[in-house]
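Written out below as structure tokens is the structure these notes cover.
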Amino acid sequence: MLPLKNDRFLRALRCEPVDMTPVWMMRQAGRYLPEYRQTRTRAKDFLTLCKTPELACEVTLQPLARFSLDAAILFSDILTIPDAMGLGLYFSEGEGPRFERPVRSKAEIDKLAVPDPNQSLSYVMDAVSLIRRELDGKVPLIGFSGSPWTLATYMVEGGTTKNFSKVKGLMFDQPQVMHTLLDKIAQAVTAYLNAQIAAGAQTVMIFDTWGGILTSRDYLGFSLLYMEKIVAGLTREYEGQTIPVILFTKDGSEWLEEIATTGCDAIGLDWKLPIGKARQRVRDKVALQGNMDPCILYASPERIREEVASILANYGNGNGHIFNLGHGIHPEVNPERVTVFIDAVHELSKKYHQ
């Protein structure tokens, strides 16, 4: 593989000196880009887009052609693993992801097999390899997965939900059955991310979208415990390069200290806690990724620059900050506002790295 022309992102994850704060966006390849919408139309449906390596590569690279981003992230979906487990993933217009065969009993969960990522998920590995080749060393490539708890919510509920009654009901009523499910998913995620690393991912991120719906006791026992198991099982060095790991729990500010002890290299933050306070709490033990409210991108260029400046100042001098949104970019955002955002991070952060 070619050496990186821009390794700012990986250096920041290792809390090493950089010339400016690196920046990328969650969901940076997505519906806010007209070129993405054109490719999505050609694909006819979302799953075809995800499962066709050439199309997944195409949309992964689209934002890099527009913006001075410091990382690419694999275009895929967090629900690829439960789909490979045979749950029958499909997408309903206006309803989001659904499963034909949700799992809600001990018997159904016992039947689940941990998929071989190089067989049933080979299309993801093919996409990773192709993206890495097409990037040609421009920036690093991020691989990712959903967390076991987050994947379990979809697998038990059968899709999106407002009150999480089925998955929480199983957790409270039959905790050992839920632990069996989470352990199987953790094994699957570990194998999946290691396969992505072998295919060319230079860092990996675990998205715990729904950890924040849990009490502190249940978050530690049903969500963070399994992310920690995954971190312990990951390939942390490949072809002579360290492989950093990022953990992101939406609404997870309560548990920063605990997340920092998992062995991860960085914590992704939502926008609800000032990043300076987060830095004080983790004491440079890990890097921090975040954490601008995505809705700022609906504001004027002046207001966007002001918010970028505020977050940079709040973090302060030194290393270990990757600038990002506190969650995924919204589909209605004007791409010109993204240009303002990305350029502002690079321009205004230089003074913090002198």
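Since this is a predicted model, take the numbers as computed values, not measurements. For the single chain, residues carry numbers from 1 onward in sequence order.
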Could you grab the distance from atom [atom1] of [X] to atom [atom2] of [Y], nearest 0.5 Å is fine?
X	Y	atom1	atom2	result
I206	E228	CD1	CD	11.0 Å
S165	L170	OG	CG	11.5 Å
I131	E54	CD1	CD	10.5 Å
E108	L181	CD	CG	11.0 Å
L4	L135	CG	CG	9.0 Å
I246	I267	CD1	CD1	11.0 Å

Specify the closest pair of heavy atoms between [X] and [Y], including all atoms of both residues, with the distance to one decimal.
X	Y	answer
L55	A43	CD1-CB, 3.8 Å
F9	P140	CD2-CG, 4.0 Å
A278	L256	CB-CD1, 3.6 Å
G252	D270	N-OD2, 3.9 Å
S76	Y192	OG-OH, 4.0 Å
I81	A188	CG2-CB, 3.8 Å

Residue from R11, K350, K351, R8 passing salt bridge (charged side-chain N to carboxylate O under 4.0 Å, His left out) with D19: R8
Start with the C-alpha gap between N163 and K168, add the side-chain angles, then the distance that decides, and say whether side-chain contact (heavy atoms from CB on, under 4.5 Å) holds. CA-CA 9 Å; N163 57 18; K168 282 190 171 184; over 6 Å; no
Between [X] and [Y] (side chain of the first, backbone of the second, donor and acceptor by atom type, cut-off under 3.5 Å), is there such a pair?
X	Y	answer
D70	V23	yes
N6	V139	no
D116	N118	yes
T262	E258	no
K184	D110	yes
S223	L220	no
E100	Y90	no
N194	L234	no
R279	L288	no
H321	G290	yes

Mind running salt bridge (Lys or Arg N to Asp or Glu O under 4.0 Å) on R305 and D343 for me, showing each step along the way? CA-CA 9 Å; R305 286 177 59 85; D343 291 349; over 6 Å; no
Side chain proximity check, [X] to [Y], heavy atoms < 4.5 angstrom:
X	Y	value
W149	M171	yes
Y352	L312	yes
T261	K285	yes
Q289	F248	no
P148	I230	yes
M227	I259	no
R27	L325	no
L89	P97	yes

Salt-bridge present (K272, D251; N to O < 4.0 Å): yes
Hydrophobic cluster membership, with links at side-chain heavy-atom distances under 4.5 Å among I/L/V/M/F/W/Y: are [X] and [Y] in one?
X	Y	result
V338	L64	yes
W271	I311	no
V103	V114	no
M205	L69	yes
V59	L61	yes

Can you say whether the rings of F67 and Y32 are parallel (under 30°), tilted (30 to 60°) or perpendicular (over 60°)? parallel
Give the ring-plane orientation class for W210 versus Y154, where under 30° counts as parallel, over 60° as perpendicular and anything between as tilted. tilted
Count the heavy atoms belonging to other residues, nucleotides or ligands that lie under 6.0 Å from [atom1] of [X], then report whether that count exceeds 12.
X	atom1	result
K44	NZ	no
E336	CD	no
R37	CZ	yes

Between [X] and [Y], is the gap from one ring center to the other below 6.0 Å?
X	Y	result
F341	F323	yes
F207	F144	yes
Y298	H330	yes

Determine whether H353 and N319 satisfy the following criterion, side-chain contact (heavy atoms from CB on, under 4.5 Å), listing intermediate values before the conclusion. CA-CA 7 Å; H353 299 285; N319 309 312; 4.1 Å; yes
Checking R236 against V231 for the side-chain contact (heavy atoms from CB on, under 4.5 Å) test, could you report, in this order, the C-alpha distance in whole Å, the side-chain angles of both residues, the deciding distance, and whether it holds? CA-CA 9 Å; R236 303 304 292 273; V231 172; 3.4 Å; yes
Run through D45, D83, T80 and flag the one making a side chain to side chain donor-acceptor pair (under 3.5 Å) with K51. D83
Step by step, work out the side-chain contact (heavy atoms from CB on, under 4.5 Å) result for R132 and Q202. CA-CA 9 Å; R132 217 13 234 286; Q202 290 148 293; 3.5 Å; yes
Between Y219 and T249, do the side chains contain a donor N or O and an acceptor N or O under 3.5 Å apart? yes
Hydrogens and angles aside, do T39 and Q62 bring a side-chain donor and acceptor to less than 3.5 Å of each other? yes
